[in-house]
**Q** 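If you scroll down you'll find the structure; I have some questions about it.
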There are 2 protein chains.
Amino acid sequence: MASTTPAVIASEETAKPRRADAQRNYDKLLAAAREIFREHGAQASLDDIAKRAGVGPGTLYRHFPTRDDLIDAVMREWSEDVDSDSDEVIAAGLDAQETLRTWFGKFVENIGVYRGAAAKVMSAMDDESSPIYRKCQVLVGANDKVLTHLAGRGELRDGVDSREVMRLVSGIATVADQSHLSVDESTPMLDIVIQGILRDPSAP
Amino acid sequence: MASTTPAVIASEETAKPRRADAQRNYDKLLAAAREIFREHGAQASLDDIAKRAGVGPGTLYRHFPTRDDLIDAVMREWSEDVDSDSDEVIAAGLDAQETLRTWFGKFVENIGVYRGAAAKVMSAMDDESSPIYRKCQVLVGANDKVLTHLAGRGELRDGVDSREVMRLVSGIATVADQSHLSVDESTPMLDIVIQGILRDPSAP
DNA sequence: CGACTATACGGAGAGTGTCTCCGGTTAGCA
DNA sequence: TGCTAACCGGAGACACTCTCCGTATAGTCG
């Protein structure tokens, strides 16, 4: 298999020194955003988030100039969860098919926590100017780890590119999100992809 | 293969009698919508469309109560094009792989004409209350024709459901749309899906 | 052909959401 | 305690959606 993606990722958690009140507001905003994004999806009103955090809109926009900056912050630990999922899946020692089922399933499930997030991830994956781009690189890297692991055992078809697979799976996650499909209902699509990238067992 | 989808579609082109001026404005709005959707995508300002058509916003909203109603009207002939594509592809007598490449390629290309339309189609596919739902049924039906044709020749794996395939391909179209991929750049993803649904040539 | 009415027009404006600007406030420090 | 840089927050400009209703007119009938 071949990956276009660099190893990834020096997480730039530059927790720059802030005044105590600023830090407090930052945290309140993040907590409020998590709640409201979970309730109303990623396109919820930002002023509502400011309101729930008990700060003015100006404060929100100073900390997070754009909606994507806020989403980025909300997604931070979440993308690390996904990354550690990939390690667990590899360590579990399942066969190729089960490995992918588990990995893709977790991915779709995780990405679906915030409604609309899947679409954001999908479109940020190829947009370096997006604040979410870095997070996507973590996801791409995690997926690459899993596929490289399988490729090392000769279980993938020739020419499978992990970035394409990532696009495909995030597309499925978006479909599942928008059509309100459960994880189970998205497995038929995932199975097709799995069939499409796994080397056929009957081949040498 | 199995399809959940009914045969489809008694197109409800009830061209109800309208006053001449109303019909004129309807046509002007449609033409303006086509232009502006092509330029700015499916989330363009509706007031802009009314402005370009030279009518007031009230007129636009009387003819098309919601954005989706307008998109639906714009998509009308377009979905018929897609449908006739499916017939052509079947008639062309290509092998299974080329048939699907051609069909999926045309689908993704067509659906990408209006930016943002792919996402609309994707989410309307499972939402009966959407005005676009009917159009999606045309697409689902067209896809079903192609897959049934191949299934009849025993070229598909067991258990392939055409609706799942349609979801998958519209997901790819959405990825291609949002990431500004050309049709060529989306073929790797399509090829994975094709591998995933085609019976392996080495099998009996 | 002139009058009448159902139908359609269109713009003012209410409602909602985004984002900015700047006068006032406060944390942190000497 | 007093100073200042950092920060707050809300008023309001701007953009978009959608509605209401007074006005205009197409089509019809006497």
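Just so it is clear: chains get the letters A, B, ... in the order the sequence lines come, proteins before strands, and each one is counted from 1.
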**Q** Would you indicate, yes or no, if C:dA8 has its OP1 or OP2 atom less than 4.0 angstrom from a side-chain nitrogen or oxygen of B:His63?
**A** no
**Q** Before giving the answer on side chain to side chain donor-acceptor pair (under 3.5 Å), spell out for A:Ser182 and A:Asp184 the whole-Å C-alpha distance, their side-chain angles and the decisive distance to 0.1 Å.
**A** CA-CA 5 Å; A:Ser182 68; A:Asp184 284 351; 5.2 Å; no
**Q** Give the rounded distance in Å between these two atoms: NZ of B:Lys28 and P of C:dA8.
**A** 15 Å
**Q** Does B:Asn25 have a side-chain nitrogen or oxygen under 4.0 Å from the phosphate oxygens OP1 or OP2 of C:dC9?
**A** yes
**Q** Which is true for B:Arg67 with a 4.0 Å heavy-atom rule: it touches a base, it touches only sugar-phosphate, or it touches nothing?
**A** sugar-phosphate
**Q** Is A:Asp69 reaching over with its side chain to a backbone N or O of A:Thr66, donor-acceptor style, under 3.5 angstrom?
**A** yes
**Q** What nucleic acid atoms does A:Pro65 come within less than 4.0 Å of, heavy atoms only: base, sugar-phosphate, or nothing?
**A** nothing
**Q** Check the side chains of B:Gln23 and B:Asp27 for a donor-acceptor pair under 3.5 angstrom, ignoring hydrogens and angles.
**A** yes
**Q** When you compare the side chain of A:Asp144 with that of A:Met166, does any pair of heavy atoms fall below 4.5 Å?
**A** no
**Q** What is the distance, rounded to the nearest whole Å, between atom CZ of A:Arg62 and atom P of D:dA5?
**A** 17 Å
**Q** Verify, without hydrogens or angle tests, whether A:Ser79 (side chain) and A:Arg76 (backbone) share a donor-acceptor contact under 3.5 angstrom.
**A** yes
**Q** Does A:Asp127 reach the side chain of A:Ile132, with side-chain heavy atoms less than 4.5 Å apart?
**A** no
**Q** Tell me whether B:Arg18 forms a cation-pi arrangement with B:Tyr26, defined as NZ or CZ under 6.0 Å from the six-membered ring centre and within 45 degrees of its axis.
**A** yes
**Q** How would you summarise protein contacts on nucleotides 23-30 of chain C per nucleotide, using B for base, S for sugar-phosphate only and - for none, with heavy-atom distances below 4.0 Å?
**A** ---BSS--
**Q** If I take atom CG in residue A:Leu29 and atom P in nucleotide D:dC7, what distance separates them, rounded to the nearest angstrom?
**A** 14 Å
**Q** What's the closest nucleotide to the side chain of B:Tyr61 if the choices are C:dT18, D:dG9, D:dC18?
**A** D:dC18
**Q** Without hydrogens or angle criteria, can the side chains of B:Asp85 and B:Asn110 be said to hold a donor-acceptor pair below 3.5 Å?
**A** yes
**Q** What heavy-atom pair brings A:Ala73 and A:Leu30 nearest, and what distance separates the two atoms?
**A** CB-CD1, 3.6 Å
**Q** Rounding to an integer number of Å, can you tell me how far A:Leu60 CG sits from D:dA11 C1'?
**A** 17 Å
**Q** What is the distance from CD1 of B:Ile71 to P of D:dT17, rounded to the nearest Å?
**A** 11 Å
**Q** Could you check which residues of residues 36-55 of chain A get a heavy atom under 4.0 Å from DNA chain C? Sort them by number, please.
**A** A:Ala44, A:Ser45, A:Leu46, A:Asp47
